[in-house]
Amino acid sequence: MTKLQVRAFLYQLGCFAILFILARFLVGKYTELTGFWIPMTAFVAGTLLSPKFQAAKTKDGEKLFMKWIFMKGIKEIG
């Protein structure tokens, strides 16, 4: 794995973790779900809402790209 692939993985993991913890707290506090359904709902919400990062080789070298449900198109990160 290259440095940018590792960075993309860490960014994606970090964003998912933040959204998962936030969703788990909100689902546990504001819904009537109990037990297994709280983390399962948080997992689905975190997966759908987190941005996707990918390292790709271009003619200018390897670059990091991001796609997110709340942004139009693909954005170059670095």
Side-chain angles (χ1 to χ4, degrees):
M1 289 181 79
T2 64
K3 281 185 177 182
L4 282 180
Q5 288 175 330
V6 171
R7 188 185 297 176
F9 174 74
L10 292 176
Y11 283 167
Q12 195 155 335
L13 181 65
C15 289
F16 171 77
I18 290 168
L19 290 171
F20 174 79
I21 292 169
L22 180 66
R24 185 174 171 130
F25 172 75
L26 292 174
V27 168
K29 183 141 179 99
Y30 295 110
T31 66
E32 299 295 323
L33 296 176
T34 59
F36 174 73
W37 293 107
I38 294 173
M40 189 57 131
T41 306
F43 171 77
V44 171
T47 302
L48 293 175
L49 295 177
S50 66
K52 310 300 182 248
F53 294 91
Q54 183 175 7
K57 292 183 181 180
T58 64
K59 61 183 177 183
D60 298 328
E62 195 171 27
K63 297 190 177 194
L64 186 62
F65 296 96
M66 177 187 79
K67 183 177 180 184
W68 198 18
I69 186 174
F70 300 114
M71 293 175 57
K72 194 172 191 177
I74 297 172
K75 183 177 179 183
E76 182 182 332
I77 300 297

Completion exercise
Rounded to the nearest 0.5 Å, the CD atom of Gln54 sits from the CZ atom of Phe65 at a distance of 9.0 Å

Practice task
Please answer: with hydrophobic residues joined when any side-chain heavy atoms are less than 4.5 Å apart, are Leu26 and Phe70 in the same cluster?
Solution key: no

Fill in the blank from the handout: side chain to side chain contact (heavy atoms under 4.5 Å, CB included) filter on Ala45, not counting sequence neighbours, yields Ala23

Handout entry: Sequence neighbours excluded, every pair satisfying salt bridge (charged side-chain N to carboxylate O under 4.0 Å, His left out) that has a member inside residues 50-60
Key = Asp60-Lys63

Problem - Transitive ILVMFWY side-chain link Trp68 to Leu48, under 4.5 Å - result: no

Problem - ILVMFWY cluster, Val44 and Ile21 together (side-chain gap under 4.5 Å) - result: yes

Handout entry: Same apolar cluster (I L V M F W Y, side chains within < 4.5 Å links), Met66/Leu19
Key = yes

Fill in the blank from the handout: Residues at least two apart in sequence or cross-chain that pass side chain to side chain contact (heavy atoms under 4.5 Å, CB included) with Val6, listed by chain then number, are Met1, Leu10

Problem - Cluster check Leu22, Ile69: I/L/V/M/F/W/Y, side chain < 4.5 angstrom - result: no

Problem - Under the side chain to side chain contact (heavy atoms under 4.5 Å, CB included) test, residues paired with Thr2 that sit two or more places apart - result: Leu4, Gln5, Glu62

Practice task
Determine which pairs satisfy ring pair (Phe, Tyr, Trp, His ring centres under 6.0 Å) with at least one residue from residues 24-48, sequence neighbours left out, and list them in order.
Solution key: Phe16-Phe43

